[in-house]
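Here is the structure we will look at.
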Amino acid sequence: DGGITQSPKYLFRKEGQNVTLSCEQNLNHDAMYWYRQDPGQGLRLIYYSQIVNDFQKGDIAEGYSVSREKKESFPLTVTSAQKNPTAFYLCASRSQATNEKLFFGSGTQLSVL
Amino acid sequence: RKEVEQDPGPFNVPEGATVAFNCTYSNSASQSFFWYRQDCRKEPKLLMSVYSSGNEDGRFTAQLNRASQYISLLIRDSKLSDSATYLCVVNTGGSYIPTFGRGTSLIVHP
């Protein structure tokens with residue numbers, strides 16, 4: 001079955017540590033997105049990518065980095081510069097047509113030890 | 001003014017009630033519209049797309065008012081299992097970034 005997979009489901013970060021969240025899709029979608037969600041809040045865009053080897057900052061990119069070396073994969077690194085990383089992270093993908101719906105992964109809950 | 005606005009609620013309704021949510025958008029170039037449902041600490045799941053002529057799926061009805069720039073979601077005969085957050089999503093022509101509302105919380109009680 002086609003879909004979008006995020007891992008791990010839960011992740012713990014120590015002070016000063018970088019951690020990487022995985023996002024893989026086999027839907028042949030060009031566009032991929034990373035969102036952050038804090039309790040009781042909406043989704044905020046961190047980074048997005050429309051094609052391989054290209055990505056753009058979203059509204060809250062500081063302290064995060066991404067890569068898009070393959071169409072299927074869009075990993076997100078939460079760096080030590082992100083001082084408040086505890087949140088629910090969602091990856092999504094969509095076909096390039098702008099009227100298409102988003103497909104979401106099941107999310108990663110990141111917490112700081 | 002935010003691009004997409006929703007009343008965060010919560011809307012607290014008894015089982016069997018009819019409840020309606022609105023979502024307003026600011027960009028008149030917006031082309032497509034969706035309602036997603038999100039349960040706590042889960043990913044959003046598509047509830048329904050919103051078409052210009054309005055559309056219905058069982059107990060759910062979505063409508064679009066382009067003149068006033070809002071979309072609505074009506075839920076009839078509310079069930080306990082309808083308790084969730086309902087997210088409004090708007091796609092704007094020429095942009096590859098879907099815009100999310102903050103979400104409206106619905107609590108259906110016995």
Side-chain angles (χ1 to χ4, degrees), chain A residues 3-7 9-11 21 23 25 27 29-51 54-61 68 86-111, chain B residues 2-11 21 23-25 27 29-52 55 57 62 64 66 71 83-107:
Chain A
I4 179 166
T5 303
Q6 281 186 248
S7 63
K9 191 171 179 65
Y10 300 97
L11 186 58
L21 284 59
C23 179
Q25 53 98 2
L27 299 165
H29 285 167
D30 290 301
M32 297 187 75
Y33 308 82
W34 272 106
Y35 293 93
R36 169 181 172 140
Q37 188 174 35
D38 293 280
Q41 302 297 313
L43 276 67
R44 292 187 290 169
L45 182 65
I46 305 172
Y47 268 99
Y48 67 101
S49 169
Q50 296 175 29
I51 55 171
D54 184 58
F55 49 82
Q56 307 295 330
K57 292 182 179 180
D59 300 318
I60 55 164
R68 187 85 187 276
T86 297
F88 188 53
Y89 291 85
L90 285 159
C91 180
S93 70
R94 192 177 69 171
S95 74
Q96 197 65 315
T98 57
N99 290 340
E100 291 300 309
K101 65 183 182 185
L102 282 168
F103 290 76
F104 283 91
S106 57
T108 295
Q109 174 63 49
L110 175 63
S111 303
Chain B
K2 288 187 176 178
E3 291 187 52
V4 178
E5 292 202 61
Q6 293 182 254
D7 180 346
F11 285 64
F21 311 135
C23 168
T24 59
Y25 60 95
N27 192 330
S30 298
Q31 292 184 330
S32 58
F33 309 87
F34 306 89
W35 283 103
Y36 281 74
R37 170 197 168 123
Q38 185 179 26
D39 294 290
C40 190
R41 285 292 178 247
K42 301 283 188 181
E43 75 274 24
K45 293 186 177 177
L46 182 68
L47 181 64
M48 55 199 306
S49 304
V50 186
Y51 302 120
S52 296
N55 47 301
D57 183 1
L64 166 64
R66 285 194 183 272
I71 65 172
S83 298
T85 296
Y86 291 84
L87 300 169
C88 167
V89 182
V90 175
N91 290 346
T92 300
S95 168
Y96 295 98
I97 307 173
T99 305
F100 283 81
R102 182 183 164 183
T104 297
S105 174
L106 172 66
I107 301 170

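Here is the naming used below: chain letters follow the sequence lines, and residue numbers restart at 1 for every chain. The analysis underlying the following values was restricted to heavy atoms, covering all of them including side chains, and did not include hydrogens, waters or symmetry mates. As the structure is a prediction and not an experimental result, all values here were calculated from the model.
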Suppose we screen for side-chain hydrogen bond (donor to acceptor under 3.5 Å, both in side chains). Which residues come up paired with B:R66, at least two apart in sequence or across chains?
none
Please classify the contact of B:Q6 with chain A as side chain, backbone, both or neither, using a heavy-atom distance under 4.5 Å.
neither
Ring geometry between A:F104 and B:Y36 (parallel below 30°, tilted from 30 to 60°, perpendicular above 60°)
perpendicular
What part of A:L90 gets within 4.5 angstrom of chain B, counting heavy atoms only: side chain, backbone, both, or neither?
side chain
Going by side-chain hydrogen bond (donor to acceptor under 3.5 Å, both in side chains), name the residues that satisfy it together with B:E43, two or more places apart in sequence or in a different chain.
none
B:F33 versus chain A, heavy atoms under 4.5 Å apart: side chain, backbone, both or neither?
neither
Where A:Y47 and A:Q56 come nearest, the two heavy atoms and their spacing:
CD2-O, 3.1 Å
